[in-house]
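To start, the structure under review is shown below, and the notes come after it.
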Amino acid sequence: MSLKIATWNVNSIKARLPNVLEWLEEAKPDVALLQEIKTVDENFPVMEIEERGYNCAVHGQKSYNGVAILSKHPLSDVTTGLPGDKDDDQARYVEAWVEAGDDSVRVASIYLPNGNPVDTDKYPYKLKWMDRLAGRAKALLHNEEPVVLGGDYNVIQADGDCYDPAAWADDALFKPETRAKFRTLLNLGYTEAWRTLHNETHVYSFWDYQAGAWQKDNGIRIDHLLLSPQAADRLAACEIDKGPRGKTKASDHTPVWCELTA
DNA sequence: ATGCCGGGCGAAGCCCGA
């Protein structure tokens, strides 16, 4: 048996609903981790998504942020919010156990802060959020379960993950401190699924709406699936699906998915 | 090119994203 787990920053579930429903029917992920739903829980389109055979766990917020987990299998043990700062009211983390027999897995949908401009409090917020994520990621390893931490990490890991490294050098997504924090996650024992299976550079998951970035393939790869050892042992495939980015009324991100074989 | 699009909010124009 196997499980297809995808992550996608949809940039508003309200504006993107037709695209998301079409993608669910075409790509048929077993689990979909969504970010930037930009709505409160009460306005999440649960009915339309349940009609397609998915259960929903939603951690929403008015206007900004917001994350969700969609799953064809039952969800349990749902937790919302990233531990470590009771004053943080931004909806950027939701976690759940996917009940799928031998394919069961713990998943989290992550919307890591952008951090720009770097000379404001947004950048230290990003770095502290990454420390908190590392704390949660480390705690999850103690359970020795398959875990998939998927989402918009807002981290460019290396020169080959963006179209112009010089242009990104001082950006919050690419600064050395940011990349070091990301490596801390990997050094805990997590595997970045796409890079593990692919050697190519200049393959992206985000293209700006502006300046013909999509047409010129001026993108960055910032949407990642991080796997615990027990999940990495099951990794059979990981791909970036550029299809949704080319549709009308597209999100500026495109889905990334992996297949775990039990 | 730290905003050229595109979304939210709310009903014009500003905030935000990467």
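The structure presented is a predicted model; accordingly, all values stated were derived computationally and were not measured. Values below: all heavy atoms of this structure, side chains included; hydrogens, waters and symmetry mates excluded. Chain letters run A, B, ... following the sequence lines, proteins first and then strands; every chain starts at 1.
- Here dC5(B) presents its C1' atom at 12 Å from NZ of K249(A), a figure rounded to the nearest Å.
- No hydrogens or angles considered: nothing links the side chains of E145(A) and S228(A) as a donor-acceptor pair under 3.5 Å.
- Nucleotide dC5(B) holds its P atom 12 Å from the NZ atom of K216(A), rounded to whole Å.
- Atom CG of D171(A) and atom C1' of dG3(B) are 13 Å apart (whole Å).
- A donor atom on one side chain and an acceptor atom on the other are found under 3.5 Å apart for S205(A) and D223(A).
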Using atom names, set out every protein N or O paired with an N or O of nucleotides 10-17 of chain B below 3.5 Å, distance rounded to 0.1 Å.
| from | atom 1 | to | atom 2 | distance (Å) |
| --- | --- | --- | --- | --- |
| dG17(B) | OP2 | K122(A) | NZ | 3.4 |

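- Rounded to whole Å, the separation between the C1' atoms of dG10(B) and dC14(B) comes to 11 Å.
- With rounding to whole Å, I220(A) atom CD1 is found 14 Å from dT2(B) atom C1'.
- Residues M130(A) and V155(A) come closest through the heavy atom pair CE-CG2, 3.8 Å.
- dC15(B) and dG3(B) have their C1' atoms separated by 12 Å, given to the nearest Å.
- Only the P atoms considered, dC4(B) is 16 Å distant from dG13(B), to the nearest whole Å.
- Distance noted for atom C1' between dA12(B) and dG7(B): 16 Å (whole Å).
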When the side chains of residues 63-70 of chain A are checked against the rest of the protein, which donor-acceptor pairs come out under 3.5 Å, sequence neighbours left out?
| from | atom 1 | to | atom 2 | distance (Å) |
| --- | --- | --- | --- | --- |
| N65(A) | OD1 | R92(A) | NH2 | 3.3 |
| N65(A) | ND2 | Q61(A) | OE1 | 3.3 |

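- A salt bridge between E22(A) and K247(A) is present, with a side-chain N of the basic residue lying under 4.0 Å from a carboxylate O of the acidic one.
- Residue W168(A) contributes atom CH2, which lies 13 Å from atom P of dG3(B) at whole-angstrom precision.
- What separates CH2 of W214(A) from C1' of dG6(B) is a distance of 17 Å, to the nearest Å.
- As rounded to the nearest Å, dG17(B) and dT2(B) have P atoms that lie 16 Å from one another.
- Residue R16(A) has no polar side-chain atom (N or O) positioned under 4.0 Å from OP1 or OP2 of dG6(B).
- Under the 30°/60° scheme for interplanar angles, the aromatic rings of Y153(A) and H224(A) are found to be tilted.
- Taking the charged nitrogens against the carboxylate oxygens, D252(A) and R245(A) have no contact shorter than 4.0 Å, which rules out a salt bridge.
- Each of A211(A) and A15(A) was assigned the nucleotide of DNA chain B with the nearest heavy atom; the assignment lying further toward the 5' end belongs to A211(A).
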